[in-house]
Structure formats: structure tokens, C-alpha cells
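Values in this document were obtained by computation on a predicted structure and should not be read as measured data. Throughout, protein chains are lettered first and strands after them, A, B, ... in sequence-line order, and every chain is numbered starting at 1.
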Amino acid sequence: MKRNTKILVLAVVIIAIIAVAAAALSGYGQPTQVLKISTTTSLDDTGLLTVLEAAFEKKYPNIDVQFIAAGTGQALEYGKKGDVDEVMVHSKKQEEQFIADGYGTQRYPFAYNYFYIVGPADDPAKINGTTNATQAFNKIMTAGTADPNTVKFVSRGDNSGTNTREITIWNSTGVNYNNSVRGQPWYIESGKGMGDTLVIADQKSAYTLSDSGTYLAYKDKIKLVPFLTQGKDLLNVYSLIPINSTKFPNVNTAAATKWTDFVLSTEGQTIIGEYGKDKYGQQLFVPIAGKPEPTS
Amino acid sequence: MNEIVNGFFQAINLIVTLNPEVMEITLRTLEISLSSTFLGTLIAVPLGGLIYFRNFKGKRSVMNLIQTLYSLPTVLVGLLVFLLLSYQGPLGGLNLLFTPGGMIIGQTILILPIIIGFTITALKGVKGEIKDLSMSLGASEFQTIYTIMREAKYALLGAVILGFGRAISEVGVALMIGGNIRGFTRVITTTMSLETSKGNIELSIALGIILLTIALIINLLLNQIQEK
């Protein structure tokens, strides 16, 4: 009997410790209003969001903007679970599906740039001079199949926006991606972020598809050169999507609306258009708020 | 090779100049990992004691399970705690996802098996006579446990250090539950992984050296206590 009492006391003590800890922790670190935005690594890595955040928080000091950077697939997944208030991503098809499924309210394109097709300077697949991404990928595939030791392609393989675009381009060459590209000896899936993927491609003297921001940030550390930097099939549009508060009542809609308005405002769009000129010597993003979405 | 040397000098530079961002990240790292170690110790040492002193059916299986969980993948803990704390998960109402509090819960769970297991090992190291002597002198079970724990205190400290080492060096839980939010949940390991992917290799190496330096200082301090 006495033993059982002691066990009971011990159990109560442990539960009390956990309860107190949980109570203390739940209040820990939620000082002001928080706006959680999940976004893509490629956007976050450029440093643009830090600058936008600083300007926004100057205007709204009681809102703490917090970015969670992941691939577009995962960033949308956070939104589907109601764990963030807004998403900032770059994969139109997935975004439209996200809204159609009722997770997001509306898609607000706010900037664009182009994906780059980069590769070793000696260009073993001879893609220099091709006029679109489909053509270039076709050449890489043909040359890679013929000589997988010299011609290689490194893919993110992580369901990110960049990865999704890459697969779209492979399919546009007329072959089935899963049968003719994935698993081929010349095709390597890194399963990593853009930066790591560029380093792997560099070490293997391989081609890859990169967003322009990450490539420019890495340019001095790797030997890969850009071959295609424009065109309809390389167009890369970034959008904001507030999470649907009917579905998730916990979402901070008021703050999300303020952020959306700020990014689309003249002030936000100027920051976006100017960003990178001093650091990379060129504009990284073209602002597009209030204009029709570019098609080429 | 050059990057390692440069990283080393950059680490010294960042420490000497008290770089505000590095200081902030380092302090947060310590705060979170020490909290989880404290919480983990509070739960695991009594639990380990209980398992050691009690004889019950399936004790062997419990020991096997604990030892298996030494290899608990950090990403798995990250994923499970993520699902628990997610808005639609069972503990979603606590609003702990993407907060330091959530990271502490994850790291605590991660290090529990190690501290429990090594507590048991530490207690096994205490001579059996002490237990018998204490009991025969009329000590209650709790008094006996206390006496033996005191005998094993240095080995127990070792268990706690091991737990701390796992907490401060892990990246899976910190990334999945913390979300690596700048100025809020960003710790040394997640910063290293981010800076590496951004190409700032030297900064990553510098941060790695800072983490190891913290571990060294903490070990020196604890050794000091052990020698006294």
C-alpha cells in the first residue's frame, strides 16, 4: 500500500513538472503579434526578405514577421496544416491547386526573374546557342545518354519550385520524365537545397537548373557558367498567398493583409526592384504588382 | 583546406569582436539546450533510478528499448513532435510550433533515453553492499536510492553531459520544430546548415568551432566539479 502511494506521489510530481514546464514554455517567446510566413529557400537565401521585413517592422513595430524557409512543396504543406499565416512561393501550378483546395484565399504575384541553366564552361552537351530551355535539356539528354561520364545533370529532387519547373521542362521535350530521365546514369538527384546542388554540380562538372539569386550568390565560389538566362519556359514568378481563415481560425489575417499590402505597395516594390544592385551588381527581381503577369 | 584555416581565424575574429549576431545565436543555443538538458535530467534521472531499483516483468526488454533509442534519429523526433504541435495536432492549441519552447520539448524527448540509460549504468557501478548496508540500517527505499545516487553522482554527471552534448549538436529537431527563424529560433547548428547552403563556408566552420569551444568550456567546468 505504502509503495503504491509513493509511486503515485512520484507520478504526480512528474506530471506537475511537465505541466509547469509546458505552461511556462507556451508563453515563452510570443512577445508581440506574430506573423508567420513559410517561404522558399531560394527567396530567403538572397537576403531580400530580411530587407523587406526591416522596412515593414519599422512601419508596424508591434508585428514580428517570422520566416520559415523550406522548398515550395514543404512551404505549402505548412500552409495546408494551418501552421503559418501566409506563404511566399514560386510554383504557379501548385499554387493554383492550393487555392482550389481552399487552403489559400488568393494568389498575389509580386516579383519575377528567370531560372538559369548553368553548366561547365567547356559545354560538353553543346547547349550554348540554344534558344529555349526545352532545346537545351534535349541536348543534355541526348549527350548524357551517349556519354554519361562526361555529360551529367544534377537535379534538386526535393519537390521544390525549382525542381517542379525542371521536371516540367523535361516533360516538354516529349519524353516521359519518370521513364527516360529519372534514374538514368547521367541524371543525379541531390535531394538538397539550391546552394548545395550548385556545389555538387560544380564538383561533377554537371549542368543544373538554378534560380538566378542563388546562382549569383554562388558565382564566385564555383566554375559553372550560365548558358540560358531568359525565355518563357524559364520565367520564375513569386507570389504571396494568405492562408484561408475560414479553414484555420487561428490564422492572423489582419497581419497577413498588412504584409501583402506592404509588399505590393510602391515602397515594397521599390525595395524589391532595387535589391541586389549593390551586392551582386545587378537587379535580382523585377517587381510586377499591378501589372499583368508576364508570359515570357 | 584554405577554408578550414580561414574559418578558424574568422571564428577567433567573431568571438573577439563579440559579433552581435553570433553572440545572440550562441546565447539562444545555450538557453535552449541547457533548458532541455535540465528538463531531461529532472525526468530521466528519477526514472532511471526507478528502473534500476525495481524488479519487474519485462525489465530486460525495457533496457533493450532504452538502448535502442540511443540511436533515435533527430529527424524522426522532429517529425513526431512537429505532428504533435502542429495546429491540427493533439497539442496544436499550445501554439508551440516554430518556437523555442517547442524546440526544448523536442530536444528533451531526444535526450531522455540517453540520460535514463546512462543513469542506470551509473547506478550499476555502485557496489551492491551499499544498498544492502543502507537497507539493513533501516533506511527507507527512498533514502537508499538517495544514498546510492550520491555515491554515483560523478557518473550521473557524465550521463547529463552526454545528454547536453546530443542536444546542442543536433540539427533535426531544431530545424523541423524551430523552423530556423532569424532572431527567434535560429541556433548554431541550423545557422551552419543555412550558411553552408548559401555558400558562406567559412562562417559555418567558424560557428562549428564556437560550438566545440562551448562544449569544451562546459566539460572543463564539470571536470572541475568532479575533481573536487
With a 4.5 angstrom heavy-atom cut-off, could you sort out which part of B:L194 is near chain A: side chain, backbone, both or neither?
side chain

Heavy atoms from other residues, nucleotides or ligands near OH of A:Y60 exceed 12 (cutoff 6.0 Å):
yes

Please flag which part of A:V199 lies under 4.5 Å from any non-hydrogen atom of chain B: side chain, backbone, both or neither.
neither

Is atom CD of B:E21 surrounded by more than 12 heavy atoms (other residues, nucleotides or ligands) closer than 6.0 Å?
no

On a heavy-atom basis, which atom in B:I181 and which in A:F67 lie closest, and how many Å separate them?
CG1-O, 3.4 Å

How far apart are the closest heavy atoms of A:I68 and B:F98, and which atoms are they?
CD1-CD1, 3.5 Å

Atom group of A:K80 that falls short of 4.5 Å from chain B, counting heavy atoms
backbone

For chain B, which residues from residues 245-255 of chain A lie under 4.5 Å away (heavy-atom distances)?
A:F248, A:P249, A:N250

Among all residues two or more places apart in sequence or in another chain, which pass the side-chain contact (heavy atoms from CB on, under 4.5 Å) test with A:A217?
A:Y280

Value for OG1 (B:T196) from NZ (A:K192), rounded to nearest 0.5 Å, stands at 9.0 Å

What part of A:Q74 lies closer than 4.5 angstrom to a heavy atom of chain B: side chain, backbone, both or neither?
neither

Give the C-alpha distance, both sets of side-chain angles, the deciding distance and a yes or no for side-chain contact (heavy atoms from CB on, under 4.5 Å) between B:R182 and A:Q66.
CA-CA 7 Å; B:R182 195 173 59 91; A:Q66 301 184 342; over 6 Å; no

Look at atom OH of B:Y87 and say whether more than 12 heavy atoms of other residues, nucleotides or ligands are closer to it than 6.0 Å.
yes

Could you tell me which of A:T50, A:I222, A:T197, A:D220 has the largest number of non-hydrogen atom pairs under 4.5 Å with chain B?
A:T50

Can you tell me how far the CZ atom of B:F82 sits from the CG atom of A:D83, to the nearest 0.5 Å?
5.0 Å

What's the shortest heavy-atom distance between B:N200 and A:K221, and which atoms?
OD1-NZ, 4.3 Å

Answer key: most heavy-atom pairs under 4.5 Å with chain A among B:G179, B:G89, B:S86, B:G92 is B:S86

Atom group of A:K81 that falls short of 4.5 Å from chain B, counting heavy atoms
both

Does anything in residues 69-80 of chain B get under 4.5 Å of chain A by heavy atoms, and if so which residues?
none

Could you pull out all residues at least two apart from A:Y207 that satisfy ring-ring contact (aromatic ring centres under 6.0 Å, His included)?
none

